[in-house]
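Each remark here refers to the structure printed beneath this line.
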Amino acid sequence: MSTVTDPGYTTDLDVGALPTTVFGPRDIMWWGTLGFMTIEGMTLVVCVATYFYLWRQPGTWPPGHTLLPSVFWPTVHVAFMLATNLVMMRVSRLAHRLDLAGLRRWLVIASLCSVVMLPLRWQDFLALNVRWDTNAYGSIAWMTVGLHGSLLVMNTLETSVFTVLLHRRPTERHFTDASDAAMYWYYMTWIWVPLYVMLYWSPRVL
Amino acid sequence: MRAVSPSEVTRADDQAVREELERTWADRPGFIGWLSTTDHKRIGLRYMITAFTFFLLGGLNAGLMRLQLSRPENDFLGPDAYNQIFTVHGTTMMFLFAVPMMHAIGLYFVPLMVGARNVAYPRMNAFGYWVYLIGCLLLYAGLFTNTGPDAGWFSYVPLAGPEYSPGKRSDVWAQTITFTEIAGLIAAVEIIVTVFKHRAPGMSLNRIPLFVWAMLVMSFMTIYAMPWIASASLFLASDRLIGTHFFNPAEGGDALLWQHLFWFFGHPEVYIIFIPATGLVSQLVSAFTRREVFGYTAMVLANISQGFLAFGLWVHHMFTTTVPQLGSSFFTATSAMIAIPAGIQIFCWIATIWLGVPRFRVAFLFVLGFVIVFVTGGLSGVMIASVPFDTQVHDTYFIVAHFHYVLLGSLFPFFGALYYWFPKLTGRMLSERLGKWHFALFFIGVNVTFFPMHFLGFAGMPRRVYTYIAETGWGDLNLVASAGAVVIVSSVGVLLVNVLRSLGSGAPAPDDPWEAESLEWATASPPPSYAFVHIPVVEGRSALWDRSAQRPVVTGLRTNVRDTLVTTLVDAIPDSRHYDPRPTTKPLLAAIGIGVTFIALMFTPWGLPVGSVVVLIGMIAWAWPDRRSYAEQVAYEGHA
């Protein structure tokens, strides 16, 4: 708090000229997005804690007769996810430039990317090579993939609805929203990387 | 430090401005207006009334339990009913009353105390309330249909798992938790963002009222703690519904995993209740001693350190499980360590009272009661931080005595705050005479009820037993405890009479009846829909006491749309403006969609896809602006 300075206001402050479209931490929706990212991140932290807690129970991991997870489709998916960040970087740049036409085009591409992730997520489930009700290992693996999958589903819905909204009822506010959507997208894709390593590689190498 | 006159800042054009602000910020009239409101004051008050209603119901459960235990081998309640009632009592008091009540007080008062027109994300605020209400109704619908949860408020597995709890009782518990946690998380984010971005100019971080600091710390704790219980209840529900094995040792799961997940949330939960209570105490001590709280920075750091330490204590609930000895020692140390910030707070309050001019009004009496009751609970807490001692009294009435002293200790500031803020909430004063009766009966009742329980614990009486035989010798102390419960019930009865009488014929409250320091007293009682005619500019830590003769305010905000001010995080310098959308029933519809989804999930996994469609429709409806809102927003941006 040593950085706090007292502006020492003694007269009325006219705020009429302040902008209504700002980006990043200057905007309140950015903070809300950050808050919900933290909450969702914590649920995934619980999954990680549970995964390793169950691992240290007696017995092998995965438990006897349970196949190791496959890595091909999950690797394809994680690579695709990270590649889509290029699309969202473009979206973010266009949003900052207040370029409505460009934003409309690139958000259609982003929506398509989010849709493509859904069948790939199904492949992630299949690649676990275990059912959720086979053993506790299967339960936590399915739960982790499923909880992150719920972010993918919600993101697909939000991006699609947002894209339509931007075509039908655009406002300046949507430029800020698009910038926040990009931030959320980076978070959603990058947070999958440690989970992918945990689920598909750690039983092989640890 | 003396209070400047609390009346509103006067400007030449006030009347015209007031009228236009009222047109802009008022809800639609009638029932639709009631359903669609996004006014943080109406929602906050609604939250408070709902939480207090469930406090009464939770208290009724406690009364039934005390009636049952008042004599040996009583047959007033059978074991099955008793199990449901003690589980619903604990679940109600923790999840439906204590935490939501603190959030409710925060949602009502934090925006006013930081000089904002509304909370951040007002529609989410409405949504959170409706989801919370659905959770409340679900729990009591369960109890009244003999489907009340019966495995304790912490719902330990394997008792709560599919093998030992067939039927839907544990599912009612799990989904009640889901609803209340969603609501709690939403409230936490709203409070954080309101404090960070909607403060009045000049209210830099080192000038935030201590209650607001406490709510900020509590909200951060909520964000980091509640996902643990939300995830754990999801694991439990999936073990019960789709045959997962998280807690099934036969298939590689572990029952103790539940305890870790639960208490990693459960212990911070206690501080999520306690920390706002300390903030309330600070506001009350300041108002009734007429001076700033001694050691502002130390008080803030105490709250923050409690917030961190609270996450390092959870294993002390598990000392009698297979925790390694080194782990036990670590958690003993951290458990004892948390007494340090609590001690700092107590000494700062004592110093403030010592240096100030105390006015022994009812609200202040409750502060004094808090110090005595809470310190008693804190001392027994230090005792059970010791593993050998805890091993002896674990699961006995000593623990019941300890946590009721701590939690009811936190209830004292809440009652004090009720007397303090009731004039602001309603425009009426509460009776001091009845208030003193309320305080005296409550203080006596709490001690008569719970102090004997320490001795019952020493005598070996276990928790959660529906009866006991006469030969145990526990009958007399139980009778005393039950008599104390009658005194507590009568104290709450006096409070209700006081509230009802005041609403009908109480003395009208001025804007600032206590000559207090914070901004909520700078507006009318009750506050108008727009909160402040002109958002004040803050000139010192005690916003009203430190006002200069000029009393600068914010100008330039539009009055014909819901125009709000956004300020910088640290210094609260005006930075941008934000359009607040109009009230709508969409949050209610979305909450119903979520409610249908999670309740259907108690019965079938198909609740998920079906519910997802409902939620999708709700999301589209929520995101899609109606023509009027759209036109208003475009015009707003055009004028910027």
Side-chain angles (χ1 to χ4, degrees), chain A residues 1 3-22 25-29 31-32 35-36 38-43 45-47 49-50 53-54 57 59 61 63 132-140 142-143 147 153-154 157-158 161-162 165 169 171-173, chain B residues 120-121 185 189 192-193 196-197 201-202 204-206 223-224 227-228 230-232 235 238 242-246 248 251-254 257 260-261 537 539 548 550 552-557 565-566 569-571 573-579 612 616 619-620 623-625 630 633-634 636-637 640:
Chain A
M1 286 197 289
T3 58
V4 172
T5 54
D6 179 5
Y9 299 121
T10 54
T11 56
D12 288 357
L13 288 177
D14 186 351
V15 299
L18 290 178
T20 56
T21 303
V22 290
R26 294 180 66 193
D27 181 59
I28 67 162
M29 299 307 284
W31 287 94
F36 286 102
T38 309
I39 292 166
E40 289 164 1
M42 285 307 295
T43 62
V45 167
V46 178
C47 286
T50 302
Y53 181 94
L54 292 172
Q57 299 304 306
W61 191 262
W132 64 89
D133 56 357
T134 305
N135 49 41
Y137 162 77
S139 303
I140 186 57
W142 271 74
M143 184 62 77
L147 278 177
V153 172
M154 293 303 285
L157 298 179
E158 282 174 9
V161 172
F162 183 54
L165 198 58
R169 295 199 171 168
T171 67
E172 255 185 38
R173 168 81 238 162
Chain B
Y121 324 127
L185 288 164
V189 172
I192 290 172
V193 180
F196 275 4
K197 298 303 288 178
S204 43
L205 277 183
N206 60 346
I223 281 181
Y224 289 108
W228 290 78
S231 305
F235 295 173
S238 66
I242 56 172
T244 54
H245 298 289
F246 289 100
N248 176 12
E251 294 294 349
D254 183 41
L257 170 63
H260 282 292
L261 295 177
V537 169
E539 299 169 84
S548 64
Q550 290 84 4
V553 295
V554 171
T555 61
L557 282 177
L565 179 64
V566 180
L569 172 62
V570 177
D571 291 330
I573 295 168
D575 187 47
S576 65
R577 290 156 47 208
H578 183 80
Y579 168 77
S612 299
L616 169 64
M619 272 180 54
I620 294 173
W624 207 263
Y630 179 63
Q633 175 147 12
V634 170
Y636 175 80
E637 289 168 348

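Since the model is a prediction, treat every value here as computed from it, not as a measurement. For the numbers below, each heavy atom of this structure counts, side chains included, while hydrogens, waters and symmetry mates do not. In what follows, chains carry the letters A, B, and so on, assigned in the order in which the sequence lines appear, proteins first and then strands, with residues in each chain numbered from 1.
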- Message: Using only atom types and a distance under 3.5 Å, with no angle test, would you say the side chain of Y121(B) pairs donor to acceptor with the backbone of I28(A)?
- Response: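 Pair found, side chain donor or acceptor close to backbone of I28(A).
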- Say whether, by atom type as modelled, one donor and one acceptor occur between the side chain of E637(B) and the main chain of E172(A) under 3.5 angstrom.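 Indeed, once roles are kept as given, a pair shorter than 3.5 Å links the two residues.
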So how far is it from [X] [atom1] to [Y] [atom2], rounded to the nearest 0.5 Å?
X       : Y       : atom1 : atom2 : value
T555(B) : D12(A)  : OG1   : CG    : 5.5 Å
T50(A)  : L257(B) : OG1   : CG    : 5.0 Å
I573(B) : L18(A)  : CD1   : CG    : 11.5 Å
K197(B) : W31(A)  : NZ    : CH2   : 7.0 Å

Pick one of side chain, backbone, both or neither for [X], based on which atoms fall under 4.5 Å of a heavy atom in chain A.
X       : value
V554(B) : both
L565(B) : side chain
A623(B) : both
F246(B) : both

[Y] and [X], any side-chain heavy atoms less than 4.5 Å apart:
X       : Y       : result
V566(B) : V22(A)  : no
V46(A)  : F235(B) : yes
T244(B) : M143(A) : no

- Please determine, among E158(A), M29(A), M42(A), M154(A), the option with the most heavy-atom pairs under 4.5 Å with chain B.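 Of the options given, most contacts go to M42(A).
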- Query: Pick from V15(A), T38(A), T43(A): which one has the most heavy-atom pairs with chain B under 4.5 Å?
  - Reply: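 So the answer, after comparing V15(A), T38(A), T43(A), is V15(A).
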- Query: Does E251(B) have any side chain to side chain contact (heavy atoms under 4.5 Å, CB included) partners at least two apart in sequence or in another chain, and if so, which?
  - Reply: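 Only N135(A), H245(B), N248(B) meet the side chain to side chain contact (heavy atoms under 4.5 Å, CB included) criterion with E251(B).
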- Item | Smallest separation among heavy atoms of S576(B) and R26(A), with atom names |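 So the two residues come closest at OG-O, 4.0 Å.
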- Message: Tell me the closest heavy-atom pair linking L13(A) and P201(B), and the distance in Å.
- Response: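 Looks like CD1-CB, 3.5 Å.
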